[in-house]
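Remarks on the structure that follows.
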Amino acid sequence: MRDWNADVYEIVQRIPRGAVATYGQIAALVSSPRAARGVGMALRHLPEGSSVPWHRVISSTGAISIENFDHPAEEQANLLMAEGITVHRGEKGYSVDLTRYLWQPASIDKGVSL
DNA sequence: AAGGTGACTAACA
DNA sequence: ATGTTAGCCACCT
């Protein structure tokens, strides 16, 4: 058992390029499906030089939650589009089609190495 | 040490 | 369909 946040980072790094995962999904893989807030906290305190693809983590509704933090939602949307993901823009913010891009973490069992 | 907040989610009214 | 309440986990004051 490692540090909770470290576990979060490890799982986030397993998200393949071109796919996205929800906070609740990551939380479920770490410990509890209700720990989504902890996941958000972990990513918020994520070291700047880390190779964790934090931009691939979005809310369960497919929308980008952040607006005015270290990294604006616009930056996250830009990164996702760079991965080949279609990001829809709206007045409320940015959104992603989860039915198309949601990550299927079944690969973890097989020890995927991407 | 204790209470409040937050990059969340699901259920209830 | 929108608005509010409750639950979980970690961080901050």
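Residue numbers begin at 1 in each chain, while the letters A, B, ... track the order of the sequences.
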Does B:dT9 have OP1 or OP2 under 4.0 Å away from a side-chain N or O of A:Ser60? yes
Phosphate contact (B:dC8 OP1 or OP2) by A:Ser59 side-chain N/O below 4.0 Å: no
Which atom pair, heavy atoms only, marks the closest approach of A:Gly84 to A:Tyr101?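 So the two residues come closest at O-OH, 3.9 Å.
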Extract from the structure each pairing of a protein N or O with an N or O of nucleotides 2-6 of chain B at less than 3.5 Å, listing the distance.
residue : atom : partner : partner atom : Å
B:dG6   : N7   : A:Arg37 : NH2          : 3.1
B:dG6   : N2   : A:Arg37 : O            : 3.3

Could you list the residues that satisfy side-chain contact (heavy atoms from CB on, under 4.5 Å) with [X], not counting sequence neighbours?
{"X": "A:Arg34", "value": "none"}
{"X": "A:Ala63", "value": "A:Ser59, A:Thr61"}
{"X": "A:Arg44", "value": "A:Met41, A:Phe69"}
{"X": "A:Ser32", "value": "A:Ala35"}

side-chain hydrogen bond (donor to acceptor under 3.5 Å, both in side chains) partners of [X], counting only residues at least two apart:
{"X": "A:Glu10", "answer": "A:Arg2, A:Arg14"}
{"X": "A:Tyr9", "answer": "none"}
{"X": "A:Asn78", "answer": "none"}

Could you run down the sub-3.5 Å N/O contacts of the protein with nucleotides 11-13 of chain B?
none

List, one per line, each side-chain donor-acceptor pair under 3.5 Å for residues 19-27 of chain A, sequence neighbours excluded.
residue : atom : partner  : partner atom : Å
A:Thr22 : OG1  : A:Gln25  : N            : 3.1
A:Gln25 : OE1  : A:Thr22  : N            : 3.4
A:Gln25 : NE2  : A:Trp103 : O            : 2.8

Reading DNA chain C 5' to 3', which nucleotide is the first, and which the last, to come under 4.0 Å of any heavy atom in chain A? C:dG7 to C:dC12
Name all pairs fulfilling the salt bridge (charged side-chain N to carboxylate O under 4.0 Å, His left out) condition that reach into residues 53-66 of chain A, sequence neighbours left out, sorted by first residue then second.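 The answer is A:Arg56-A:Glu83.
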